Amino acid sequence: MSTNHDLPAQYDPGETERAIYQRWIDAGIFAAEEKRSRRNGGDRDPFVVVMPPPNVTAVLHMGHGLNNTVQDVVVRWRRMVGDETLWVPGTDHAGIATQNIIEKQLAAEGKSKADLGREAFVARTVAFVEETGGEILRQLRAIGASADWNRTAYTFSPELSVGVREAFVQLYERGLIYRGHRVIHWCPRCLTSLSDEEAEHTEEAGSLYHIAYPIAGAKGNATLTVATTRPETMLGDVAVAVHPDDERYKTLIGKTVMLPIANIEIPIIADEYVDPAFGTGVVKITPAHDPNDFEVGKRHKLSMPVVMAADGTMANGIDADARVPADLLGIDRFEARERIIRSLEKSKLLLEAQPHQHAVRHCYRCDTVVEPRLSDQWFVRMEPLAKPALKAVRDGTIRILPERWEAVYVNWLENIRDWNISRQLWWGHRIPVWYCEKCDNAIVSRTDVAACEKCGGTVRQDEDVLDTWFSSWLFPISTLGWPDKSSAALAAFYPTDDLITAPEILFFWVSRMIMAGYAFMDAPPFHTVYLTGTVRDMNHVKMSKSLGNGIDPLDVVNQFGADALRYTVISGMGMGADLMLDHRDLERSFAPGRNFATKLWNIGRFLLSNVGGTPVRSVDELRDADLTLPDRWILGRLNATTLECNAALGPARPEKGKWRAEERYSGLRLSEYSEAARRFVWNDLADWYLETTKGRIGGAGNDSEVARAVLTHAFDGALRLLHPIMPFITETLWQRLPFPVDADRAEFLAVAPWPISHPVAGEERAAMASFDLICDAVRAVRQIRSDYAIPPGKAIDVSIQSRANETVFRDHAPLIGRLSRSTVQIGGESAEAGAAHAVLPDGSEVIVPLGGLVDLTKECGKLRAELEQLETQLSALSKRLQNEGFTKRAPANVVEAERKKEQDWTKRRVQLADKVSALCGG
RNA sequence: GGUCGCGUAGCUCAGCUGGUUAGAGCGCUGCUUUCACACAGCAGAGGUCCAGGGUUCGAGUCCCUGCGUGACCACCA
């Protein structure tokens, strides 16, 4: 133990945080051991959190800061409670995102990926990732993340890649992966297909063009008007469709129209898909460039001409013949739209361009407008996978917090569509399918294939790679050793416990992990999903680097310390609520956290300079008679605060495998936990208890020892409660506390036991109420001093008058006097209610009622009257409910309502009775 | 278009199953450099809990309507 008990006047987080983190790492306290898990014969419950793997190229932003702080708080809490705690860190290779970065680099060098070729491109990306990747994980250490870095995973590592192939092959063998020919979302900039989730809707102001298609062979200039928002695709039209029951067009069905510009005759068909009420009730059918039209085309066995190239320029593709005229070939789709509109205007076939608000899908990586495109892709059949995932949330195996997200989750899974998993990229897990060049055999294999197993012909592997999410959906199992089912880590730590992430990836990642858990392990990956809020600026705009409204968490760490960052994030975050921070004024956002750290520091300084470094006595050895009222009060407050923190943090896992209704939505209220701990430290310990010890510590004798012991114990408890939120400063201070000699001490606060609590007993409650009265008296005297501008140095005589609590006040008059810097007498004549009565220096007299004290006689009378009335009503009600005549005759809902009322009144009666006994004694 | 959320002090928000005088941080006013702390202490000011209606002995809390605002989902071209 340190003999130097002087702390520097100022806490310097920069100096201490790094050193402490290194000591934790050196001691290996973040490393989890399989054999200590109860599931592997150990004596500890496992508690496991899997980190949402950030993109390997990412740099830390506030979103990560928030998310990982929440995870770390939960993980550190469980570690202190004594669980075998594992937090698995890792990164994601992020197919499109990473490939885009390398392509941008190449573009800056005047090259394209085609110049390099696939192999060199991948090699370059690997080198880039090796060099710069994982920086974000190093940054997470700066905010104190207590992950088990020995287990750091990477979705594209050889180990995890084994799992990816295994998953693909297994699903293929179970008939859940298939190759499909259909219209998918295509990004003309990234040149790859996207899943439905990757093509995000944005509301945009566009136009609904009304275009006249001349009816073939009709008299005069008869036309049929179609409505479209994408006229450039009309070159790929193979029909126009009307609703079969639409009286306006019934007679035209079966006839043909001339497709303008392409000058082709196409049929008028009937299909129920058409909504007669929208637009003109006539729809152009372009099967290769619209998913609905594709379905219509299939139903009517229409051809599917492709009139656009992969990069979004006009082209005569498959089945298109010469539909695209020469002057439009190679023209970008949006330019082509303009030209086609102008051309139609000229030929008077454009009848109208209505302003039209509609949702346009954009690439989630580069924001380019997505183009529907006909192509061959690999799909996962989702419905069978969704079933157990749906059941899990419905039956309480998995809960999602905040509760409202459960409905969103259920809704998505109920309407799930097949998942396009192939991407036309170079960066990612190559699809494990080989095609024979000779016999057209397709081989799906866990290992690389050299030759066709049927004919021995040469094979080539599918060019495409898998969606990044096809590797991350395996994260909870693959990081623990799957597909090796005998893996000790899998046995010890799967299923995991909490999954903490942003709601944006509920569908991308969370839902799919649940499906993968059931598909490959036949067990859910976790029992709790906690969705955090979003970090926004003061205008409620989501923080992002590109908008320039971001905050760099490392700036905050440098200026205010990691603890300040963490405290701000945790205390400011209601369950699932967004967190608003001012990026232009970091002081405003983070000073409260820093100030609180300073407060802790100063309590520590007081303690070390007054209590000193000599070991204190253990509070367990103190006899009740030794404890003063303030001692009893602060110990009671510590206990109450521990209870509050426990209640806010909630059960770590469902008690009986599944969440019961009562516990399902409780816990993980981190801001409440943080507030309870802060209140204890600042408002109880620092503002009151510490002040009461000032006259005691340093004096000779027993009472000084008692005060030293209690103060140290209370501060120790506070540091334990706060450690998950502010790990650095609490560890620093805790290391220097003058613990009792024989204390059974952990080496680090990070692994010290969480405070023990007990149910509050009646006499404890009474003692605490007494001290609250003392505080009221002190406040009343201070108010007199402040209101009447009594100078600090000037003593005044005050008398406290209270018949009801005279004993309490009499016993503690010196304490009241010391805390209010006045001379206090107890007792006086007008003592009906409690009041402080002072004679001012100028001779005038003032009276201030004591805040917490009411006119007891009156108040008790009122309460007793209410209680009496309630009891009368309640007994009448109960009698009625016991009367079978009533319960049988009255309608069920009335009886039900009366029963409910009986319950309410009973509850209220207990409340009132409690109050009466607390306030009025007996 | 569908679903869901939010509207409480100047600002950012707590307030869980209805029950004392509606809370916190920041900001604001006054006093104080008192030997842990001015990144502080003490004492204050500030709220028709969006509006209107309803249920109840009792509503910030539950129900309905309206206004404002946000999120998610969506194949009306």
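Labels below follow one simple rule: chain letters A, B, ... track the order of the sequence lines, proteins then strands, and each chain is numbered from 1. As the structure is a prediction and not an experimental result, all values here were calculated from the model. Side chains included, hydrogens not; waters and symmetry mates left out as well; all remaining heavy atoms used.
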Report task. Ignoring hydrogens and angles, answer whether the base of B:A24 and the side-chain atoms of A:Glu672 contain a donor-acceptor pair closer than 3.5 Å. Result ->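 Check fails, no donor-acceptor contact within cut-off.
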
Query raised in the report: Is B:G68 paired to anything, Watson-Crick or G-U wobble with both distances less than 3.5 Å, and if yes, which nucleotide?
Result: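 Matched B:G68 with B:C6 under the 3.5 Å cut-off.
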
Requested in this report: For B:C67 versus B:C26, give the span between their C1' atoms, rounded off to a whole number of Å.
Outcome: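 One C1' to the other, the span is 30 Å.
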
Query raised in the report: Which value, in whole Å, describes the distance between the C1' atoms of nucleotides B:G5 and B:G10?
Result: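 Result for the C1' pair: 25 Å, nearest Å.
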
Taking only nitrogen or oxygen atoms into account, show me every contact under 3.5 Å that the protein makes with nucleotides 39-41 of chain B, one pair per line with its distance.
| unit_1 | atom_1 | unit_2 | atom_2 | d |
| --- | --- | --- | --- | --- |
| B:C39 | O4' | A:Asn595 | OD1 | 3.2 |
| B:C39 | O2 | A:Arg594 | NE | 3.1 |
| B:C39 | O2 | A:Asn595 | OD1 | 3.3 |
| B:C39 | O2 | A:Thr598 | OG1 | 2.6 |
| B:C39 | N4 | A:Gln10 | OE1 | 2.8 |
| B:A40 | OP1 | A:Asn595 | ND2 | 3.1 |
| B:A40 | O3' | A:Lys599 | NZ | 3.2 |
| B:G41 | OP1 | A:Lys599 | NZ | 3.1 |
| B:G41 | OP1 | A:Trp682 | NE1 | 2.4 |

Report task. May I ask you to verify if any side-chain N or O of A:Arg361 is less than 4.0 angstrom from the OP1 or OP2 atom of B:C75? Result ->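 Affirmative; the distance criterion is met.
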
**Report entry** Sub-6.0 Å ring centroid separation between A:Phe606 and A:Phe715
**Finding:**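 Centroid distance A:Phe606-A:Phe715: not below 6.0 Å, so no.
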
Do the side-chain N and O atoms of [X] and [Y] include a donor-acceptor pair separated by under 3.5 angstrom?
{"X": "A:Glu198", "Y": "A:Tyr364", "result": "yes"}
{"X": "A:Ser822", "Y": "A:Arg785", "result": "yes"}
{"X": "A:Thr286", "Y": "A:Lys284", "result": "yes"}
{"X": "A:Glu406", "Y": "A:Tyr665", "result": "yes"}

Return the polar atom pairs (N/O with N/O) between nucleotides 8-12 of chain B and the protein under 3.5 Å, or none.
| unit_1 | atom_1 | unit_2 | atom_2 | d |
| --- | --- | --- | --- | --- |
| B:C11 | O2' | A:Arg588 | NH2 | 2.9 |

Below 3.5 Å is the cut-off: list the nitrogen or oxygen pairs between protein and nucleotides 55-63 of chain B, distance only.
| unit_1 | atom_1 | unit_2 | atom_2 | d |
| --- | --- | --- | --- | --- |
| B:C57 | N4 | A:Trp905 | NE1 | 2.9 |

Requested in this report: Could you check A:Asn610 against A:Glu197 and say which one's nearest nucleotide on RNA chain B is further toward the 5' end?
Outcome: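 Residue closer to the 5' terminus by nearest nucleotide: A:Asn610.
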
Requested in this report: Starting from the 5' end of RNA chain B, give me the residue, A:Asn683 or A:Arg417, whose nearest nucleotide shows up first.
Outcome: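 Looking at RNA chain B, the more 5' nearest nucleotide goes with A:Asn683.
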
Query raised in the report: If you look at every strand shown and take non-hydrogen atoms under 4.0 Å, does A:Ala241 touch a base, only sugar-phosphate, or nothing?
Result: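 The residue A:Ala241 makes no contact with any strand.
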
Query - A:Asp787 side-chain proximity, nearest of B:A36, B:A43, B:C4 - result: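 For A:Asp787, the side-chain atoms sit closest to B:A43.
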
